[in-house]
Amino acid sequence: MTATRWLAEYAWLPAHAAPTPDVLIETVNGRITGVTPLTPGGDPDAGVDVLADAVRLPGLTLPGLADAHSHAFHRALRGRTHGGRGDFWSWRDQMYAVTGRLDPDTYLALARAVYAEMALAGITCVGEFHYLHHGPGGTPYADPNAMGAALVEAAAQAGIRLTLLDTCYLTAGVDGAPLVGPQERFGDGDAQRWAERAAAFTTDRERARVGAAVHSVRAVPADQLATVADWARRRDAPLHVHLSEQPAENDACRAVYGLTPTGLLAEHGVLGPATTAVHATHPTSADVTLLGESRTGVCLCPTTERDLADGLGPARRMADAGIPLSLGSDSHAVIDPFEEARAMELDERLRTRRRGHFAPAELLTAATEAGHAALGWTDAGRLAVGDRADLVTVRLDSVRTAGVVPAGVWFAAGAADVTQVVVDGRVLVRDGRHVRVDVPRELATAIAEVTGAQ
Ligand SMILES: [Zn+2]
């Protein structure tokens with residue numbers, strides 16, 4: 001039995017508007033067994049002397065952060081495409097070029113480094129939206145799930161939990177055009193064959209789980225959507241889908257089906273409480289109602305949406321409609337959950353020219369509990385008895401955070417302010433360093449390998 005007592009200078013407890021000072025957090029075998037504010041309204045030093053054995057956590061301790069939408073290999077494009085002109089579609093061509101150099105070995109090395117970068121940023125669980133399934137030309141590997149297995153192994157080596165969102169990707173457009181060139185590696189032929197391949201993949205559910213994804217209405221014909229949705233429902237697994245990231249997708253969907261993408265997904269049983277729509281940048285008012293009434297979640301990816309010139313999704317309107325909001329770093333233009341979280345609020349300010357749309361505790365929920373729930377982990381993302389012992393400590397004495405009130409970290413801190421990360425009771429990041437991965441060196445090596453750069 002591994003029991004540890006942690007003494008957090010501040011900890012952000014569930015349903016609290018702001019952090020609580022001097023909280024004793026007890027963990028046994030990877031679970032939280034006690035959360036005790038030591039001095040409610042009293043002397044903050046009282047009682048501390050008897051806790052000589054407790055591990056001190058200076059700063060603010062948060063629950064584990066969840067990155068609900070990742071394409072690990074996009075990390076190789078960081079800083080290589082951002083200075084150029086173009087839009088989502090021209091960026092996508094550059095992204096496809098990287099896929100040509102990925103195989104199970106190079107992807108394991110790259111994803112291990114990316115997931116370790118996430119750990120340094122306080123991310124303890126990632127949702128990998130995985131569609132690069134097959135070898136060149138679409139030829140399956142000897143193990144047809146070799147690429148997914150590489151991602152699961154990468155997360156295990158990096159020390160974070162993963163939900164592999166095995167993605168059905170069949171066509172190049174809403175008109176049913178066939179996959180060509182780099183896209184051939186994404187396809188399984190039809191949804192039934194996707195389902196059979198995905199069903200053959202199993203994991204140790206303590207550390208990694210398998211969910212499903214519809215890449216988008218561009219990539220899965222309407223008459224095959226229900227196959228993917230049923231697969232997820234039968235397994236009680238999360239189901240994700242890219243939705244209305246671009247107005248062009250809405251226009252094409254209306255032209256072919258006479259429905260918005262959201263309307264089409266609703267008609268084919270894709271929406272529901274286990275479903276997360278990624279982006280939802282350009283929904284109609286009726287779409288927001290459909291998503292809210294079905295309790296479908298939305299994963300915002302603000303740093304990617306700004307980088308790709310996608311636009312601003314109606315975050316507050318969606319939250320008011322009852323849609324749980326989570327956050328993802330998607331293309332990994334940056335990996336910084338604090339930047340994603342504050343963008344929920346700051347983007348609303350840009351749109352409305354008013355401040356104060358999301359309370360700091362709502363940003364916390366999106367970055368933690370809602371993200372874990374969207375990935376199928378209902379026992380993580382809160383500092384609560386019975387939950388997984390994931391503790392993310394943010395320093396309050398850096399050049400960015402000195403003098404900041406603890407609730408203000410969402411607007412002041414960055415990934416570099418995360419000093420310690422505990423996952424399932426084990427220290428993974430100590431003094432801002434990953435305990436077993438030299439993250440910058442492994443990123444540089446892995447990215448050189450897949451971009452051909454020296
Ligand atoms: Zn995506």
Item to complete: With side-chain contact (heavy atoms from CB on, under 4.5 Å) as the test, would you mind laying out the steps for His279 and Asp330 before giving the verdict?
Response: CA-CA 10 Å; His279 302 300; Asp330 189 4; 3.0 Å; yes
Discussion item. Between His242 and His240 (judged by ring centroids, cut-off 6.0 Å), do the two rings come close enough to count as a pair?
Written reply: no
Worksheet entry | Gly272 versus Thr296, closest heavy-atom pair with distance | N-OG1, 2.9 Å
Fill in: Heavy-atom pair of closest approach, residues His372 and Cys125
NE2-CB, 3.6 Å
Worksheet item: Any side-chain heavy-atom pair from Leu312 and Arg306 closer than 4.5 angstrom?
Response: no
Fill in: Interatomic distance, Leu164 atom CG to Thr203 atom OG1 [nearest 0.5 angstrom]
8.5 Å
Item to complete: Compute whether any side-chain donor of one residue and acceptor of the other, for Thr33 and Glu26, lie under 3.5 angstrom apart.
Response: no
Worksheet item: Do any N or O atoms from the side chain of Glu128 and from the backbone of Ala72 form a donor-acceptor pair under 3.5 angstrom?
Response: yes
Discussion item. Using a 6.0 Å cut-off, check whether atom CZ of Arg92 has over 12 heavy atoms from anything other than its own residue.
Written reply: yes
Worksheet item: Taking everything shown except Arg349 itself, do over 12 heavy atoms lie less than 6.0 Å from its CZ?
Response: yes
Worksheet item: Got a salt bridge between Glu348 and Arg317, using NZ or NE/NH1/NH2 to carboxylate O under 4.0 Å?
Response: no
Worksheet item: Does any non-hydrogen side-chain atom of Asn250 lie less than 4.5 Å from one of Thr260?
Response: no
Item to complete: Check the pair Leu102, Leu110 against side-chain contact (heavy atoms from CB on, under 4.5 Å), reporting the backbone distance first and the verdict last.
Response: CA-CA 9 Å; Leu102 286 165; Leu110 176 59; 4.2 Å; yes
Practice prompt. Could you check if a side-chain atom of His133 sits within less than 4.5 angstrom of a side-chain atom of Asp166, using non-hydrogen atoms only?
Written response: yes
Worksheet item: How many angstroms lie between CD in Gln224 and CD in Gln192, if you round to the nearest 0.5 Å?
Response: 9.5 Å
Discussion item. What's the separation between atom CD1 in Ile123 and atom CG in Asp390, rounded to the nearest 0.5 Å?
Written reply: 12.5 Å
Worksheet entry | N/O donor-acceptor pair under 3.5 Å between Arg342 side chain and Ala413 backbone | yes
Worksheet item: Between Met344 and Ala366, which heavy-atom pair has the shortest distance, and what is it?
Response: SD-CB, 3.7 Å
Fill in: pair Pro302-Leu327: side-chain heavy atoms closer than 4.5 Å
yes
Worksheet, complete the sentence: Exactly one candidate in Asp379, Asp424, Asp387 meets salt bridge (Lys or Arg N to Asp or Glu O under 4.0 Å) with Arg31; the answer is Asp379
Worksheet entry | Approximate separation, where rounding is to 0.5 Å, of Leu165 CG and Leu375 CG | 6.5 Å
Worksheet item: So, do Leu170 and Pro221 sit near enough that their side-chain heavy atoms are less than 4.5 Å apart?
Response: yes
Practice prompt. Report the residues that fulfil salt bridge (Lys or Arg N to Asp or Glu O under 4.0 Å) with Arg75, sequence neighbours left out, ordered by chain and then residue number.
Written response: Glu117
Discussion item. side-chain contact (heavy atoms from CB on, under 4.5 Å), that's the test. Do Arg78 and Ile335 meet it? Break it down for me.
Written reply: CA-CA 10 Å; Arg78 184 187 297 176; Ile335 293 177; 3.5 Å; yes
Discussion item. If you count every heavy atom of other residues, nucleotides or ligands that lies below 6.0 Å from Arg205 atom CZ, does the total exceed 12?
Written reply: no
Worksheet item: Has the side chain of Ser331 got a donor or acceptor atom that lies under 3.5 Å from a matching backbone atom of Thr304?
Response: no
Fill in: Least distance between heavy atoms, Thr124 atom then Gly64 atom
OG1-CA, 3.3 Å
Worksheet item: Considering all heavy atoms of both residues, which atom of Cys168 and which atom of Val220 are nearest to each other, and what is their separation?
Response: O-CG2, 3.3 Å
Worksheet item: Does Glu153 offer a backbone N or O that forms a donor-acceptor pair with the side chain of Arg112 under 3.5 Å?
Response: no
Worksheet entry | Steps toward side-chain contact (heavy atoms from CB on, under 4.5 Å) verdict (Leu265, Leu243) | CA-CA 9 Å; Leu265 296 178; Leu243 182 69; 3.7 Å; yes
Worksheet item: For Asp236, does the CG atom have more than 12 heavy-atom neighbours from other residues, nucleotides or ligands under 6.0 Å away?
Response: no
Worksheet item: Relative to each other, are the rings of Tyr131 and Tyr169 parallel, tilted or perpendicular (30° and 60° limits)?
Response: tilted
Fill in: Side-chain donor or acceptor of Glu345 paired with backbone N/O of His357 under 3.5 Å
yes
Item to complete: Could you tell me the separation between the CZ atom of Arg382 and the CD1 atom of Ile32, rounded to the nearest 0.5 Å?
Response: 9.0 Å
Worksheet item: Ignoring hydrogens and geometry, is there a side-chain-to-backbone donor-acceptor pair from His16 to Pro14 under 3.5 Å?
Response: yes
Worksheet item: Has the side chain of Arg235 got a donor or acceptor atom that lies under 3.5 Å from a matching backbone atom of Ala212?
Response: no
Discussion item. Can you see whether Thr284 engages Asp287 through a side-chain donor-acceptor pair at a distance of less than 3.5 angstrom?
Written reply: yes
Discussion item. Determine whether His215 and Phe186 satisfy the following criterion, ring pair (Phe, Tyr, Trp, His ring centres under 6.0 Å), listing intermediate values before the conclusion.
Written reply: CA-CA 10 Å; His215 178 275; Phe186 311 160; 7.7 Å; no
Item to complete: Run the salt-bridge test on Asp320 and Arg316 with the 4.0 Å N-O cut-off and return the result as yes or no.
Response: yes
Worksheet entry | Test applied, side-chain contact (heavy atoms from CB on, under 4.5 Å); reference residue, Leu391; option that passes from Val423, Val427, Ile25, Leu62 | Ile25
Worksheet item: What is the distance from atom SG of Cys299 to atom CD1 of Ile323, rounded to the nearest 0.5 Å?
Response: 13.0 Å
Discussion item. In terms of relative ring orientation, are Tyr107 and Phe73 parallel, tilted or perpendicular, with 30° and 60° separating the classes?
Written reply: perpendicular
Worksheet entry | side-chain contact (heavy atoms from CB on, under 4.5 Å) partner of Leu132, the single match among Thr99, Val98, Asp103 | Thr99
Worksheet item: Heavy-atom distance under 4.5 Å between the side chains of Gln246 and Asp310, does that happen here?
Response: yes
Discussion item. Please give me the minimum heavy-atom distance between Leu428 and Gly159, naming the atom from each residue.
Written reply: CD2-O, 3.5 Å
Worksheet entry | Donor-acceptor pair between Glu245 and Thr281 side chains, under 3.5 angstrom | no
Worksheet item: For Trp377, is the NZ or CZ atom of Arg161 found under 6.0 angstrom from the centre of its six-membered ring and inside 45 degrees of the ring axis?
Response: yes
Worksheet item: Quick one: which of Thr419, Val418, Asp417 gives a side-chain contact (heavy atoms from CB on, under 4.5 Å) with Thr393?
Response: Thr419
Discussion item. Tell me if a side-chain donor or acceptor on Thr451 pairs with a main-chain N or O of Ile447 at a distance below 3.5 Å.
Written reply: yes
Worksheet item: Is the backbone of Gly414 close enough, under 3.5 Å, to the side chain of Asp336 for a donor and an acceptor to pair up by distance?
Response: no
Worksheet item: Checking Ser70 side chain against Ser329 main chain: does a donor-acceptor pair fall under 3.5 Å?
Response: no
Worksheet item: With side chains defined as the heavy atoms from C-beta onward, is the minimum distance between Arg197 and His134 less than 4.5 Å?
Response: yes
Practice prompt. Please tell me if the side chains of Val114 and Leu443 come closer than 4.5 Å, counting only heavy atoms from C-beta onward.
Written response: yes
